[in-house]
Every structure is written in C-alpha cells, then in structure tokens.
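Everything quoted here is computed from the prediction, not taken from an experiment. Below, read A as the first sequence line, B as the second, and so on, with proteins coming before strands; counting in each chain starts at 1.
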Protein chains: 2
Amino acid sequence: MTSMTGTGRADRTVTMREVAERAGVSVTTVSHVVNDKPGARIGAEARARVQQAVADLGYRPNVLAKNLVQGTSAFIGLVADSIATTPFAGQIIRGAQEEAWRHGHVLLVANTEGDEAAERDALGMMLEHKVRGILYSTWNHRATEIPDALAEADHVLVNCYTAGTATRAVVPDEVGGGRTATDLLLAQGHRRIAFVNTTSPSPAREGRLQGYREAHAAVGGEVDEALILDASPEQEGGYAVAEQLLALGVTGVFCHNDRVAMGLYDALRERGLRVPGDMAVVGFDNQEVIAGHLRPPLSTVALPHYELGVRGVRVLLGAEELAPGEQLRVSCPVVARDSIAAR
Amino acid sequence: MTSMTGTGRADRTVTMREVAERAGVSVTTVSHVVNDKPGARIGAEARARVQQAVADLGYRPNVLAKNLVQGTSAFIGLVADSIATTPFAGQIIRGAQEEAWRHGHVLLVANTEGDEAAERDALGMMLEHKVRGILYSTWNHRATEIPDALAEADHVLVNCYTAGTATRAVVPDEVGGGRTATDLLLAQGHRRIAFVNTTSPSPAREGRLQGYREAHAAVGGEVDEALILDASPEQEGGYAVAEQLLALGVTGVFCHNDRVAMGLYDALRERGLRVPGDMAVVGFDNQEVIAGHLRPPLSTVALPHYELGVRGVRVLLGAEELAPGEQLRVSCPVVARDSIAAR
C-alpha cells in the first residue's frame, strides 16, 4: 500500500480527494460519509463505494481539521497526581478511558506528581486543545483546592472534592465501605472487633470509623472505644499495633488498608499465631499484589477507582446528572478471600 | 475575568484580535509572539505589551488551529497494555510524558489491556490525530507482533521488541540486571547462591540467568546447576521452593522478582528462620509497596520503567540515535536495603 522507511513512516498520506476519485463521488460526499453527517442524503450504493475506497486506500480521517471546524475537540482532559507510584491512578484512567471511548471521546492524560507548575502546564495544554472538559483526580481521596485554570472548562473532581463551591465530585463511599468491612466480621459472629484507623486526617479516617460505628448500631452492638486504635497507614503501622491488639483480646480486626493488614500478619506470625484461626483480619483497598497473595489471602473492601473514572466521565458529559456542589458517592464492594473465620 | 457557570465553563473565549487591540499591535504580531516564531522582527517593547495583554485577558492559544496549519500535531501516542494492573505502565508513562514535555510534545495515552480491538481503535485514533510518532509499550518485557496500523507512523517499541525487523526497541538490560543482583551476594562473600528463575519463557528468564552465570565467571566461581530452580513468578512460587532451598544448603538466594522473595520470606518465617541471618535474599523489580516494607526491607534490582519511557521518546524524536532493528538496553540499578548480610 504505502512504502515504509526503517522508522515505519508512510511515505504520504491518503487524501479525501483520492478517496473521492476512487469511489467516483464528490469530496463533499466523502466528507459526509466519513464524518457520519446526520441528514446527509447519500444513496446506499454511493456510501458503500466510499467505504470500500476508504478501506482499499487505507484512508485516515484528519481529526485535526474536524476539530477545528467544530471549535472543540473530542478530548477530555484527565489530570492525575501520582500515576507512577500507586496502582490507583491507573484504574481511574482505565475507567475514564473506557467510558470516554464509549461516548466517542479521547482522553488527554497528564501526570503532575502533585507539582503545581506541572499542573499549570497540564491544564494550559488541555485548554489549548479545547477539551470538552477536565477530570481532576488525586490518587487518594482528599479535599483539594481548585487550580484557577480548571475553572476555565467544564470540570468534575474524581477522588477529591472541595467544600462550599459549585464543583461536582465523584468519590468513594467511605462510610459504606467501613460498614461493609465491619459487617464481614459481625456476620461471622465476632463481637470484639478492633478498628485500626489511619493517623492521616482524611475522609477515609472519618468515614470508615463512622461506618464501623453504624455497623455495630445496626446489630444492636456497643462500640468499645478502647478497640479503636490509630496506626500509620502502611505495613509498619500494622506491625506496631499487634501487641496492643493481643492485649485487648480482640478476635477480629478491621485494618485501615491492606498494607496495614500485611504488617499485622507479620507480627502475628512472629508470635506463632495464625490468621484467621487466632485473629480474623479484614483489609481495605484491594491492592491485589498484597491482598491476593498474603497467607492466607486477605478479605478486603475495594476502593472503586475504575468506577470513579467511569462515573466522572459520565457526569462530565451529562450522561448522568449531578447537581452543582454535590458529591456522587460510589460504593466500595467486598472482595471476600480467606482471612475471616466464624467466631 | 470571565464569568463562570456552575459547571465552570467560561462564557466566551478570548480571541487573538482582542489581544491585538489591547496591546495596540496587529493580529499577525500577536500570532508571532504567541507561537514564538523564529526570525520574527518584533521590538522588545511590543513583545512585552503582547505578553501583558495575554496575561491580562487570560488568552489561550488555539492549538487545534496551529496543528492544522502545520499538518502534524505535537502529540506522541503511547499505547499501554496494562495501565490498571501493575505500577510499571505508570512509570513508563511518567518518564515518557516528562521527556515529551521537555521537547514541547504532549502524550496521547491509550490503554488496551491487551485487547486487539482496543489496540486498533487506539492506533486509529492516534493516526487520525496526526501524531508525531507512537510508542508501543507492554507492561512486561517480551517479544511482540507489530500491529499493521503501527507501521503507518514513526514508532519505537518500549519494553518489548520484534525479531528480524527494522523496528527499534528500548528494553531493560536483563543480563546486566541479573549480574548486578548476583554480584550483591558474591560481594558479601556468598558462594552457594541459588537462583529462583521464572517458569515463564521471557527475556527476563534467559537474560537474568545469563547474568547470574556471568557474575560467577567474573569472580572465577563455578555455577552449580542444582542451585538453579524454577518457580512461578509470584509469592506462591517463592513459598513453594523454600524447602528445596533449605535442603540445598544455600546461604543466599537471587529471586526472579520481589513477589517471589515475599513468598520465600513467609516460608522462612514459618520455619523460625530469619533474613538475612539464616538466608540472604535479593529480589528484582523494586516493586516498592512490597520491597520497601518486608521485614527486613528487601534489597533488589530495579526495572527502569521510567527511563524506558524517557529514552523511548528521545529515540522517537531523534534526540538520541538508534539504528533500525537495534535494541537500546537500559541498565537496571541496584536498590540496596537490608536483606543481605556478609557471609
């Protein structure tokens, strides 16, 4: 078809005129077929000849031209602040991309690693490309400031939120997730359940604790405040609270996240104790490389990053309603594995 | 400046004409300043007035128009096959983006999850946007086929390669990495060193084994073939080979990756054994959420995903030479932690 250089570049680009000549129609007709123009009066036979010519010649539409005529692009910008350090941004991007493609849009992803200058560059770039709108996301669920440039386009916050503005946000349902995790243990008959909360002030810290309380209330159980502990949200935190948990005589532990559970497993094993026989454990996040491969594999509650990406695009494009200033809370599903046994 | 609706959309876009009026210059002058046109004869004072007007009015250039005039965009396509399941694609993207921005280019990232239809859509989209070129990447280092559409643009393979074609590739130096990992143990006096290789046929399997052999040869040591074991490349694999390693009486183990090392740690701990006192362990990958938080933290060799992204862009843009059909091998650096002690 076209000859290739060593670098793979086609020697020339097929034009709309060449397609028209091959199909025996006008360039206007080709344009209408290629761009799927609604209401264009084109006979089925002519349309088929155009499509055949497109295939035969390997014609690629020039979206740059189409976007310019329309005045906007089919781009949706997505700002991510930590694409390289956690798996969560990747899941948001995957969800957003799949939903964007379903709606004929394309993502312009920019990673900022939280750097303000990079963020300004990213937003400027997106605005220069006349994006349909921008999803502004953070790797962890938190409050955020809206950068000035973000306000120049339609935007939705993903996994973050601002208070007291008209900005719409799509976030995880932390309260529901905390309740789900606690229910896993209550449902197996556990009544002395510790909650190892994060030391980091965050909606996760407040929300999951509220869920823990709601789960107890729903079964008529009392929360023993002494069973609510704080630990840093990583393996070292879980390892460090083990002694205290054992002294408290709890039978089950809801850990702030899977990393904390991994550290707790280490501490229990050092003492010759077993999960779930000696201690039932529930994590949070569903960080698969950990939760799926601890011994035994860890029951946990997933953060719905993929779904956050999907819903963010749907809200942005108006496929789903969300009022100004409202937060859409996406539920956190159970991932049941083997770290809980009946009490 | 511009008034905002609840969704954040600006009511109107500032035009180049408005900038020209405010600065008291022609639209042509504004265009030359904004587009940084080389050789344009514009006085310093007029240039400063344009820049001030741009800032005052919040003018955003229309890159859609500029791209159309040039006939290509400043986009570089990046195809990723697993953005949501491993952290590695994110690191490639981060490196590629940072290098692309340094050269005034913007990434168009598309995630395919290895699906062929998604891949065709991704490449078609990139070609329609007249990308400068395409980086085609895989989450793990492997041989690949070149999709037909990829050949329609300049392209470079990242973390993958094809045999016997003119395609250029940027890949990790597996042999060097295997050698580095083995050297960490040899340097501490270990002489009975096991290598737990992956069962998956791959350049990692062949390359790291070759590096293990080269490291022994360089110190005049003999390789005992009985110390080369195969295990599945995850925690369960490392857990399963522990018995055999102990029976072989090795003092140090080079594990195919950090996940294998994590499984081995579990098995050792179950037997009341300690790392590094009873067994020195080296991993590979530097999957930080594991390697940085095992007890003790794991010494390992990093896969240079970030650097692969950077070098891929440099080769694509011609900032770095690479001959047709050649593979650029990027070195795998040591990440020394606490899992090795002197023999």
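Environment of CG in B/D148: sparse, with no more than 12 heavy atoms of neighbouring residues, nucleotides or ligands closer than 6.0 Å. Residue A/R102 qualifies as enclosed at atom CZ: its count of foreign heavy atoms under 6.0 Å is above 12. By the neighbour-count criterion of 12 heavy atoms within 6.0 Å, atom CZ of B/R274 is sparsely surrounded, having that number or fewer from other residues, nucleotides or ligands.
B/E98 meets the side chain to side chain donor-acceptor pair (under 3.5 Å) test with B/R94, B/Y306; sequence neighbours excluded. Evaluation of the ring pair (Phe, Tyr, Trp, His ring centres under 6.0 Å) rule for B/Y239 yields no partner, not counting sequence neighbours.
Per-residue heavy-atom pair counts under 4.5 Å with chain A were compared for B/V156, B/L127, B/I146, and the maximum is reached by B/L127. Chain A forms the most heavy-atom pairs under 4.5 Å with one residue out of B/R269, B/H305, B/E270, B/E288, and that residue is B/R269. Listed options A/E234, A/M125, A/E236 were ranked by heavy-atom pairs under 4.5 angstrom with chain B; first place goes to A/E236. Put simply, of B/I134, B/V106, B/L316, B/L294, the one with the most heavy-atom pairs under 4.5 Å next to chain A is B/V106. Looking only at heavy-atom pairs under 4.5 Å with chain A, the residue among B/A323, B/G272, B/A122, B/P61 that has the most is B/P61.
Heavy atoms closer than 4.5 Å to chain B are found in both the backbone and the side chain of A/A149. Only the side chain of B/Q97 comes within less than 4.5 Å of a heavy atom of chain A; its backbone N, CA, C and O stay farther away. Within the 4.5 angstrom heavy-atom criterion, no atom of A/A74 approaches chain B.
No side-chain heavy atom of A/N62 sits less than 4.5 Å from a side-chain heavy atom of B/E128. Counting heavy atoms from C-beta outward, A/Q287 and B/V289 have side chains that approach closer than 4.5 Å. Residues B/V109 and A/L107 have side chains not in contact (no heavy-atom distance under 4.5 Å, counting atoms from C-beta outward).
The distance from atom CD of A/Q235 to atom CZ of B/R295, rounded to the nearest 0.5 Å, is 9.5 Å. The distance from atom CD1 of A/I290 to atom CD1 of B/I290, rounded to the nearest 0.5 Å, is 6.5 Å. Rounding to the nearest 0.5 angstrom, the gap separating the CD atom in A/E152 from the CZ atom in B/R60 is 4.0 Å. To the nearest 0.5 Å, atoms CD1 (B/I93) and CG (A/N111) are separated by 8.5 Å.
Residues from residues 78-90 of chain A that place a non-hydrogen atom less than 4.5 Å from a non-hydrogen atom of chain B comprise A/I83, A/A84, A/P87, A/G90, given in numerical order. Residues of residues 257-268 of chain B lying under 4.5 angstrom from chain A, judged on non-hydrogen atoms, are B/R259, B/M262, B/D266 in numerical order.
Among all heavy-atom pairs drawn from B/W101 and A/A110, the shortest one is CZ2-CB, 3.8 Å.
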